[in-house]
Undergrad: 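This is the structure I have questions about; it appears just below.
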Amino acid sequence: MTTSMFGAPVQRREDPRLLTGGGRYLDDLGHDALAAALVRSPHAHARIRDIDVTDALDVDGLVGIWTHEDLPGRVGEPLPLLIPHPTLTHGRTQYALARDEVNHVGEPVVLVVARDRYVAEDACQRIRVDYELLSPVVGIEDARAATHLVHDDVPDNVSAHMLQEVGDVESAMAAAPHTLELDLSIERSASMPLEGRGVYARWDDEREELRIYSSTQTSTGVRAAVAAKLDLPLAKVECIAPDVGGGFGVKINHPWPEEVLVPWAARVLGRPVKWTEDRREHFVSSAHERGQLHRVRVGFDDDGRLLALDVKFWHDNGAYTPYGIIVPIITSTQLLGPYKPGTYRVEFWSLYTNTVLVTPYRGAGRPQGCFAMERTMDAIADELGLDRTEVRRRNFIQPDEMPWDHGLLFQDGRPLRYDSGDFPATLATLERLVGWDDFAAYRDQARAEGRRVGLGIGCYVEGTGVGPYEGGHIQVETSGRVNVSTGLTSQGQGHETVFAQVVASELGVRLEDVHVTTGDTRRMPYAVGTFASRAAVMSGNAIALAARQVRAKALRIAADALEVSPEDLEIVDGDVRVKGAPDTHMGLGTVSVMSNPLRYAFDEAAKAATQFAGSNDPDKPPVADDEEPGLEGKDFYSPTQATFANGMHAAVVETDPVTAEVRILRYCVVHDCGPMINPMVVEGQVHGGVAQGVGGALYERMVYDGGGQLLNASFMDFLMPYASEVPFIETDHLETPSPLNPLGIKGAGEAGCIPVSAVIASAIEDAEGFPIRSMPISPVELWELRRRHERGEWPSLRHAHGIPADPPAATAPGDPRDPRDPRDEPTPATRPEEQR
Amino acid sequence: MSGDPVVEELLDVTVTVNGVPRHARVPARRLLSDFLRHDLGLTGTHVGCEHGVCGACTVLLDGRPARSCLVFAVTAQAHAVTTVEGLGTREAMGPVQRAFAECHGLQCGFCTPGFLTTVTAYLEEHPHPTQDEAREAISGNLCRCTGYQNIVRSVLRAAELREAAEADATAGDS
């Protein structure tokens, strides 16, 4: 069993704990802690004239109230700009508590600490802040017009302007036989984990040490940030990410204002303090993503091959840029997907608005880029009357052209160079899975029944496993227990299981003997974090390297004791034995005893070790100069560049002829992330990604009014899909190994959500016969597009399949010929039964 | 400053939780979810939205699913509450819990207790759901991680495990 752990769909080791109420999420900790709450700005843009806390002082149970002017030293300075970039010429970050001015609804203004959260909120309600209202900037068009400024000293609301060009786009465009121009947009959405943010801090006055627990994707980042802000030695601060209830990107920003304020208050008060974000706070004070407008110009030949691609886009970065401009940089590079663009120029402007700031949300700029590119591919196919898969096939980078260098700089500042991938094979697999060639017959059949169906496709390449590094540490106890630690965190990806699988395979031990710790700076102080689909690639490989060290040391010690050559040994189920002579063996626990010359006979392994004499040369030190006591290994993995996973999705949708409701009949995924450590976990990641993509395609958007109020800051109004909205997802996998890392793996965390908006738009367009240029799309919007199309205000596809020249008459409301219950099961031909 | 401190009246509340009478002295406005989590220390019940939409805080109130963030602790006085802690232990998980583990029906696990209680109550009334019925049964709970597919599988698997457990029990009786 030991050698087959890598690649096995083993059940997760986290689950028994999480299934019985034994999880320890942030708010499950610290029952003795005081509670923090924050007075937040009700205005999108305003100057703070005065803050009056008098009435709040009467609240029984109040412990303290602080405004910006109470914050000393670095606590009162702006929060750090984490990822500077040369083109981010006007980066701005907020203060932990607003100083003088607020720039979005929800920005923290006053900190309150009290006996419990109820009391803290009572006090918040009694604090009066006098604001002078300023003109808010809301939405990309508003920001671009720059009639008003978000920050007085940022001209035109532009935080960053970036341009990359490969080849001479203008000449190629001018020479192209065909050109098209498309405006394509995606709305704001958000990660929206079921657990919001939270931070809990304990100050130890005797040791002058701070312990922070945070629901974060990067405990090392929080630790370093808080130590710097509070002017504490790093050695006096530790940070632990406990069980984290989902992240999807929003918990990678650090420090959040609350991650500075709560530890600071705990230290000032000498008592534990905790803040748990509520849902409304999460909507208005954490982070959003996705809002972008794109203008694509494309030149191509008669065969549909790209000759010139010119993309301009405008990114809404919200009120501040603490996480830099990672999102638009990713869009600008990952937009290219599996294609050779001929020549390429991309230019973006990242714009300030008086709305919640932006950090990466699962996919991070790729859903927008994929939407822009895939809509363009469909438009080219329509222009030329070619099959949509054929146009894609003709533009693919071929397997024998790998590695493929696009000549651009990727998000990590390194070349955008694909390491491996087989795009034609991926597409062929998808065509088989969805039955691409049979769809025309199905469409005809559906049309005869008065139904509108469409088939859509979307392809993407995802840079995963970005550096700079992660580490792994492994220690074998004398009991044979294997302790593994890595510094990055887990938010539900099953790290305790998959990293244990890596160690079980590399070291030759039983899975149940391996115990994994993540996100605890006491165990691994050097780490980056869990984002960018990097955990398996980075920590997986670091742990594998550490395990190989431990294995080599174990074999060396055992070989000495057993008086054989290390090459003659193998490790099976935690037992080091002579190949072909398994009766000559010793347990790894015994090897652990022998690795440490201090051999108190505490346990059975120590007693067993006494039978092995080993060398005892009095002229040599007990621990050799090039050795360390203990059966341990530690290593770091640091790649030269990202690794590139890819995938292709297809969907069949049906649009209601009356209500314009969109129903997904089938959803097919072909995914290639290289060898899978645990296919069950990978599949689960794909499912979850697709579900978030469905939300992004059909439901989720942040609706701001002109004054900068978020009108749908609740789960009643911000619609995330339930089980009733997410289709059954059919999946297939290719495994194209990466040549870049020892395990050959690529990341899988974000893949599922990247192409979904593109795929659904493609399918709706196919069903309706007119182009879809903006997502998400609601039934009302689709209905409105139909009206515009009928009035001649919205174009038809040139080669429409969806709507016959004479549409069937059965489209009037209440028409008895529209008998379908939307809950009816599709015919077996369109959707296979879910596998049990 | 008005002078008089704003003080809350406290009420005695006793609720039978997972078969054990539990008591605390709390303000009238204390939510049942907070009562369970912070007054009784039963942190398995999670709060995802505090407005009754996500279902993460679902507990069984006299055997029926209820959103504990929409119930005041005082209104549960003298009633019976079952939380995820009452569905089984790590060593002896209940059939619904086992099914979720087998089918990878959870990722971060935050929404999971609400699904487990919801599904437990559902299978009591509908022990043999079809696939579509299973999907319908969980469609009042939000999950941001799994895409639901494996939760649907978990519901169907839980039905099988319940049936097998009942068969075993019947066999043991005879």
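Remember, predicted model here, so these are calculated numbers, not experimental data. A, B, ... follow the sequence lines: proteins, then strands. Residue 1 opens every chain.
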Undergrad: Does any part of the side chain of B:L116, heavy atoms only, come nearer than 4.5 Å to the side chain of A:L19, both counted from C-beta?
TA: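 Side-chain contact under 4.5 Å: yes.
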Undergrad: Taking side chain as everything from C-beta outward and backbone as N, CA, C, O, which of these in B:T146 sits under 4.5 Å from a heavy atom of chain A? Side chain, backbone, both or neither.
TA: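 The backbone, not the side chain.
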Undergrad: Let me know if A:Y118 has heavy atoms under 4.5 Å from chain B in its side chain, its backbone, both or neither.
TA: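 Interface part for A:Y118: both.
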Undergrad: Mind checking whether A:T20 and B:Q97 have side chains closer than 4.5 Å, heavy atoms only?
TA: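 Side chain of A:T20 against side chain of B:Q97, heavy atoms only: contact under 4.5 Å found.
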Undergrad: Is it true that a side-chain atom of B:Y148 and a backbone atom of A:G688 form a donor plus acceptor pair closer than 3.5 Å?
TA: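 Absent.
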Undergrad: Do we see a donor-acceptor contact under 3.5 Å between the side chains of B:H46 and A:D27?
TA: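 The answer is no; no qualifying pair exists.
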Undergrad: Can you confirm whether A:F248 sits close enough to B:C145 that some side-chain heavy atom of one is under 4.5 Å from a side-chain heavy atom of the other?
TA: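 With C-beta onward as the side chain, the pair touches.
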Undergrad: Please classify the contact of A:D243 with chain B as side chain, backbone, both or neither, using a heavy-atom distance under 4.5 Å.
TA: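 When you check distances to chain B, no heavy atom of A:D243 falls under 4.5 Å.
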Undergrad: Any heavy-atom pair between the side chains of B:Q107 and A:Q685 that's under 4.5 Å?
TA: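 Answer yes - side chains close enough.
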Undergrad: Does any backbone or side-chain atom of B:E102 lie under 4.5 Å from a heavy atom of chain A? Answer side chain, backbone, both or neither.
TA: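 When you check distances to chain A, atoms from both the backbone and side chain of B:E102 fall under 4.5 Å.
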Undergrad: Between A:D15 and B:R90, is the closest basic N to carboxylate O distance under 4.0 Å?
TA: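 Not counted as a salt bridge, because no side-chain N and carboxylate O are separated by less than 4.0 Å.
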Undergrad: Is there a side-chain contact between A:F715 and B:L142 (heavy atoms, below 4.5 Å)?
TA: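 Yes; the side chains approach each other to less than 4.5 Å.
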Undergrad: Between B:E85 and chain A, with a heavy-atom cut-off of 4.5 Å, which part of the residue counts as in contact: side chain, backbone, both or neither?
TA: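 Both the backbone and the side chain of B:E85 come within 4.5 Å of chain A.
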Undergrad: Heavy-atom distance under 4.5 Å to chain A: side chain of B:R30, backbone, both or neither?
TA: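 It is both, since atoms from each part get that close.
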Undergrad: Please flag which part of A:Q493 lies under 4.5 Å from any non-hydrogen atom of chain B: side chain, backbone, both or neither.
TA: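 Contact with chain B: none, neither part.
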Undergrad: Return yes if some donor-acceptor pair links the side-chain N/O of B:Q149 with the main-chain N/O of A:F728 below 3.5 Å, else return no.
TA: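 Not confirmed, B:Q149 side chain does not pair with A:F728 backbone.
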Undergrad: Check whether any side-chain heavy atom of A:P193 sits under 4.5 Å from a side-chain heavy atom of B:R144, and report yes or no.
TA: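 Not in contact.
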Undergrad: Kindly give the heavy-atom pair with the smallest separation between A:H31 and B:R37, and that separation in Å.
TA: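 That closest heavy-atom pairing would be CE1-O, 3.2 Å.
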